[in-house]
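Notes follow the structure.
For the numbers below, each heavy atom of this structure counts, side chains included, while hydrogens, waters and symmetry mates do not. Reminder, nothing fancy here: chain letters follow the sequence lines and each chain counts from 1.
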2 protein chains.
Amino acid sequence: MTTSGFICGLDAALAVIGGKWKPLILYHLAHEARRYGDLRRAIGTVSDKMLIQQLKELEADGIVDRLDYKEIPPRVEYSLTAFGKTLAEALKPLCAWGTEHVAEVEKVVSRRGTSAAESAA
Amino acid sequence: MTTSGFICGLDAALAVIGGKWKPLILYHLAHEARRYGDLRRAIGTVSDKMLIQQLKELEADGIVDRLDYKEIPPRVEYSLTAFGKTLAEALKPLCAWGTEHVAEVEKVVSRRGTSAAESAA
DNA sequence: CAGCATCCGCGACGATACTG
DNA sequence: CAGTATCGTCGCGGATGCTG
């Protein structure tokens, strides 16, 4: 058994950033460390359950770092690890591609169910 | 509201390549045009329904091109469009990143359910 | 050979309530 | 503030069978 499941690295990468909220998390964390609630507010429409879950997976993947200040009231900061930053680097071209072709993509995707683009006037 | 659903191009890109079999399809099509059955065999464990569906979405997205030879028995070839090739280009670094860190990723992902790790050729 | 229709399970995703 | 636990929905993805 190859035990390697992944055929073209792309699979591996997608397994890491494929979660519904992961790209957004990565995006917001790329600039600077963020507190939990801060992050949630930044993303806007994510539930605690999902945010925590995705955050934990990213943490398990070694992409993000969790810093607990052990204070009362609680204060926790999330940030990208060095490893996570290499991922962010690798993501840049794709991000640029997406930005450049947002219009086309959005148009077609919205036809598939208004999943990502809701208020596309 | 931003009316743009997508915050960072990354979202847009993921909406395009996020399907379960899309990376594999892209991967196999990147090298050369492929016939339907050929493609299905190459991927191995994909059902007709899924392959067709993903292929159609990619086609609607302008990523892949469908060439029907109108013959009997039927012959259809799928290939990347010029647009699709720009996407493939943007994907390379991510692909490389995934390849480079397959080990780490695979380890963690397999803990989450052996979901993506199974289809080896 | 290429593709479509249908049924169905299961896991992702989400809303709500509760805790330290 | 930063989570956790539970329950319910929804649609993705898979298996099977049929058609041109």
Side-chain angles (χ1 to χ4, degrees), chain A residues 5 11 14-25 28-29 33-60 64-79 109-116 118, chain B residues 5 11 14-25 28-29 33-60 64-79 109-119:
Chain A
D11 275 19
L14 262 297
V16 172
I17 63 169
K20 186 175 186 184
W21 301 101
K22 303 228 179 124
L24 274 323
I25 294 174
H28 288 292
L29 251 36
R34 292 251 195 181
R35 294 188 56 175
Y36 177 84
D38 188 20
L39 195 53
R40 177 155 48 84
R41 241 167 285 118
I43 295 181
T45 55
V46 63
S47 66
D48 281 327
K49 180 194 167 189
M50 283 317 292
L51 184 53
I52 282 293
Q53 177 191 303
Q54 308 264 306
L55 240 17
K56 278 189 174 172
E57 288 183 4
L58 287 173
E59 196 191 348
V64 310
D65 195 32
R66 200 191 98 116
L67 176 56
D68 188 339
Y69 286 90
K70 311 269 187 188
E71 298 175 349
I72 300 292
R75 181 152 69 107
V76 177
E77 268 188 12
Y78 290 90
S79 59
V109 171
S110 64
R111 288 188 169 224
R112 295 211 288 261
T114 324
S115 48
E118 26 230 60
Chain B
D11 273 21
L14 262 296
V16 172
I17 62 169
K20 186 175 187 184
W21 301 101
K22 302 218 179 136
L24 274 322
I25 294 174
H28 288 292
L29 252 35
R34 291 251 194 181
R35 293 187 57 174
Y36 177 84
D38 189 20
L39 195 53
R40 178 155 47 86
R41 240 167 287 118
I43 295 181
T45 55
V46 64
S47 66
D48 282 327
K49 179 195 168 190
M50 274 293 110
L51 184 52
I52 282 292
Q53 178 191 303
Q54 308 265 304
L55 241 17
K56 278 189 174 171
E57 288 182 5
L58 288 173
E59 195 191 348
V64 310
D65 195 33
R66 199 192 98 117
L67 176 56
D68 189 339
Y69 284 91
K70 311 267 187 190
E71 297 175 351
I72 300 293
R75 181 152 70 106
V76 177
E77 269 188 11
Y78 290 92
S79 59
V109 170
S110 64
R111 289 188 170 225
R112 295 210 291 258
T114 323
S115 50
E118 273 189 38
S119 47

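Looking at heavy atoms from C-beta onward, B:Arg34 lies in side-chain contact with B:His28 at the 4.5 angstrom threshold.
The CZ-P distance, from A:Arg34 to D:dG3, rounds to 16 Å in whole Å. Computed from coordinates, the B:Glu71 CD to D:dG20 C1' distance equals 15 Å when rounded to whole Å. Atom CG of A:Leu51 is separated from atom P of C:dT16 by 17 Å (rounded to the nearest Å). Per the geometry, CD belonging to B:Glu77 stands 15 Å off P belonging to C:dC1, to the nearest Å. Atoms CD (A:Glu57) and C1' (C:dA12) sit 10 Å apart, rounded to a whole Å. For B:Gln53 and C:dC4, the CD to P distance is 11 Å, given to the nearest whole Å. Protein atom OH of A:Tyr69 is 11 Å distant from nucleotide atom P of D:dA2, rounded to whole Å. Atoms CD1 (B:Ile72) and C1' (C:dC1) sit 9 Å apart, rounded to a whole Å.
Rounded to the nearest 0.5 Å, atoms CG (A:Leu24) and CG (A:Leu29) are 11.5 Å apart.
At a threshold of 4.0 angstrom between heavy atoms, the contacts of A:Arg75 are confined to the sugar-phosphate backbone, with no base atom among them. A:Tyr78 comes within 4.0 angstrom of the backbone, heavy atoms only, and of no base.
Comparing D:dC1, C:dC1, C:dC13 by their closest approach to the side chain of B:Pro73 singles out C:dC1. Of all nucleotides listed (D:dG13, D:dG20, C:dG14), D:dG13 comes nearest to the side chain of B:Gln54.
Under the rule for a side-chain hydrogen bond (donor to acceptor under 3.5 Å, both in side chains), B:Tyr78 has no partner lying at least two apart in sequence or in another chain. Shown here are the salt bridge (Lys or Arg N to Asp or Glu O under 4.0 Å) partners of B:Arg35, two or more places apart in sequence or in another chain: there are none. Taking the side chain to side chain contact (heavy atoms under 4.5 Å, CB included) definition, one finds that A:Lys56 meets it with A:Ile52, sequence neighbours left out. Shown here are the side-chain hydrogen bond (donor to acceptor under 3.5 Å, both in side chains) partners of A:Arg41, two or more places apart in sequence or in another chain: there are none. Residues meeting the side chain to side chain contact (heavy atoms under 4.5 Å, CB included) test with A:Ala33, sequence neighbours left out: A:Glu77, A:Ser79.
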* Structure fact -> Quick tally for nucleotides 4-11 of chain D: nucleotides whose base has a protein heavy atom under 4.0 Å get B, sugar-phosphate-only ones S, the rest -, giving B-BB----
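Put simply, A:Arg35 has a side-chain N or O that comes within less than 4.0 Å of OP1 or OP2 on D:dA2.
When each of A:Pro74 and A:Met50 is assigned the nucleotide of DNA chain C with its nearest heavy atom, A:Met50 is the one assigned upstream, toward the 5' end.
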